[in-house]
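A short write-up of the structure that comes next.
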Amino acid sequence: MIVSMRPKATQAEIDHVCERIREFGYQVHSIQGEERVVIGVIGVGDVTACLESLEAIPCVESALRISAPYKFVSKEFKREATRIPVNGLEVGGEDFVVMAGPCSVENEKQIMETAVAVAEAGARILRGGAFKPRTSPYDFQGLEVEGLKLLDQARRRTGLAVITEIMSERDVDLVAEYADILQVGARNMQNFALLKSLGKCRRPVLLKRGMSSTVKELLMSAEYITAHGNPNIILCERGIRTFETATRNTCDIAAVPVLNELTHLPVILDPSHAAGKRSLVPALCRAAVAVGANGLLVEVHPCPEKAISDGAQSLTLEQFRAMMKDLKPYVGLWKESRAEELAAAG
Ligand code: PEP
Ligand code: MN
């Protein structure tokens, strides 16, 4: 159950409601939202009796039964799409938002050249890892703070917002100082300590699906962040591991409409890690538009053969321009149906 308090409810009233809920055998988890306190009711108890009792308390605005284990991120809790403000634009709103840039921030020239080119081609957000999760401890681990500073410079130069990966709870404040969106990588989707600390952060979070995680597990991880106070989450499908070896991962394209049925959070696709091969990226981008994703996260590098990481799946600047141009008519159709959807939702 989710219980929404009236906007001006006092602490004594909130405590009273929590006490009533506990009497029915439940645990409570309350969140201070922008306008009101919302109480998550967890556990096993007498639902009908509890609902009846809560509805009779004047400071309770509504009490809703939610069957999904992920409460706050479920469509049952909130039907309207969540729109996430990022530097003057919105992810999950009327625009299809493209985030693009290199896998890793390597040096000033590389990130500036990429930022200028992707901005000109129509991307709105610059990606680039400063802290890199690498399979081998001997591989490049990222420029860390120096990389964050270079992203900040690129933002000033181009006006693009910046997304970069956060790997440890220890670095949340540091990365949040420089980035507009904090990316949780596939390997950290169930790093619960990190998810909890991102709950306390004021920046939006892009949560990537773990490579062997189910859609439900992805939503439970998003629930962690929301339950700890941060409702601004963008979900990202980036391919999962299967028996197939023709691609680096298997792009679970169906996960996008599945998520759109289950959650109000925006969903984007990362075709680069899904495919592992640049020639496949444009087709997967078109697929993302067609299945109703809210945007893309694409790897682009000025000289992929010299890239320190993920060169094989990175588009060149020219290929990115061409991909964006080819995508335009599809995005046009996407916008029309999106506008209708948003209007119908009121
Ligand atoms: C990345 O975006 O460069 C990355 C490491 O992605 P993932 O976490 O999806 O592997
Ligand atoms: Mn990468």
Side-chain angles (χ1 to χ4, degrees), residues 97-106 110-111 114 118 123 125-137 139-144 147-148 150-151 161-168 171 175 179-191 194-195 198 204-213 215 217-218 221-222 233-242 247-253 255-256 259 267-278 280-281 284-285 288 293 295-316 320:
V97 178
V98 178
M99 313 180 187
C103 179
S104 306
V105 180
E106 297 170 5
Q110 172 242 21
I111 196 71
T114 312
V118 299
I125 301 177
L126 175 68
R127 66 147 287 150
F131 292 87
K132 292 304 301 175
R134 303 306 299 279
T135 302
S136 164
D139 285 343
F140 175 64
Q141 305 286 309
L143 293 180
E144 304 189 344
L148 295 176
L150 290 175
L151 286 167
V162 160
I163 177 168
T164 195
E165 183 157 352
I166 173 82
M167 296 216 302
S168 158
D171 299 324
V175 178
D180 300 293
I181 306 177
L182 307 192
Q183 172 177 328
V184 177
R187 292 155 190 82
N188 270 312
M189 190 202 86
Q190 287 188 318
N191 178 341
L194 175 62
L195 301 180
L198 289 169
V205 174
L206 180 126
L207 180 64
K208 287 188 147 195
R209 179 180 180 181
M211 54 194 91
S212 17
S213 299
V215 162
E217 285 163 341
L218 171 64
S221 289
I233 304 161
I234 304 160
L235 301 173
C236 179
E237 165 61 38
R238 48 77 74 205
I240 50 173
R241 281 213 173 152
T242 67
T247 46
R248 180 177 177 184
N249 290 289
T250 295
C251 179
D252 182 8
I253 196 74
V256 177
L259 285 165
V267 181
I268 71 162
L269 183 81
D270 170 348
S272 310
H273 292 85
K277 197 173 157 198
R278 79 174 64 86
L280 302 173
V281 169
L284 293 184
C285 291
L296 291 165
L297 179 69
V298 187
E299 285 187 340
V300 180
H301 195 285
C303 183
E305 65 176 65
K306 288 195 185 152
I308 298 183
S309 55
D310 288 349
Q313 66 195 33
S314 299
L315 298 178
T316 63
F320 181 71

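Remember, it's 1-based here, ligands and their atoms both numbered in the order they're listed. Being a predicted model, the structure only gives us computed values, none of them experimental.
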**Request:** May I ask you to list the atoms of ligand 1 that are less than 4.0 angstrom from any heavy atom of R238?
**Result:** 7 (P), 9 (O), 10 (O)
**Prompt:** Non-hydrogen atoms of Q183 versus ligand 1: any pair closer than 4.0 Å?
**Reply:** yes
**Request:** Taking the Mn ion (ligand 2) as the centre, count the protein N/O/S atoms lying under 2.8 Å from it.
**Result:** 4
**Message:** Below 3.5 Å, N or O to N or O, backbone or side chain included: is there any such pair between R187 and ligand 1?
**Reply:** yes
**Request:** Give the residue and atom name of whichever protein heavy atom lies nearest to atom 6 (O) of ligand 1, and the separation in Å to one decimal.
**Result:** K208 NZ, 2.9 Å
**Request:** Show which atoms of ligand 1 fall inside a sub-4.0 Å distance from at least one heavy-atom site of C103.
**Result:** 3 (O)
**Prompt:** Which ligand 1 atoms does E165 reach within 4.0 Å, using its non-hydrogen atoms?
**Reply:** 5 (C)
**Protein contact of atom 4 (C) of ligand 1 - nearest heavy atom, named by residue and atom, plus distance** = H273 NE2, 3.4 Å
**Distance, nearest 0.5 Å, that separates CD1 of I268 from CD1 of I163** = 6.5 Å
**Request:** Mark up the atoms of ligand 1 that fall under 4.0 Å of a heavy atom belonging to G185, in ascending order.
**Result:** 8 (O)
**Message:** Please tell me whether D310 and H273 have a donor and an acceptor in their side chains that are separated by less than 3.5 angstrom.
**Reply:** yes
**Prompt:** Hey, is K132 touching ligand 1 through its side chain, its backbone, both or neither, going by heavy atoms under 4.0 Å?
**Reply:** side chain
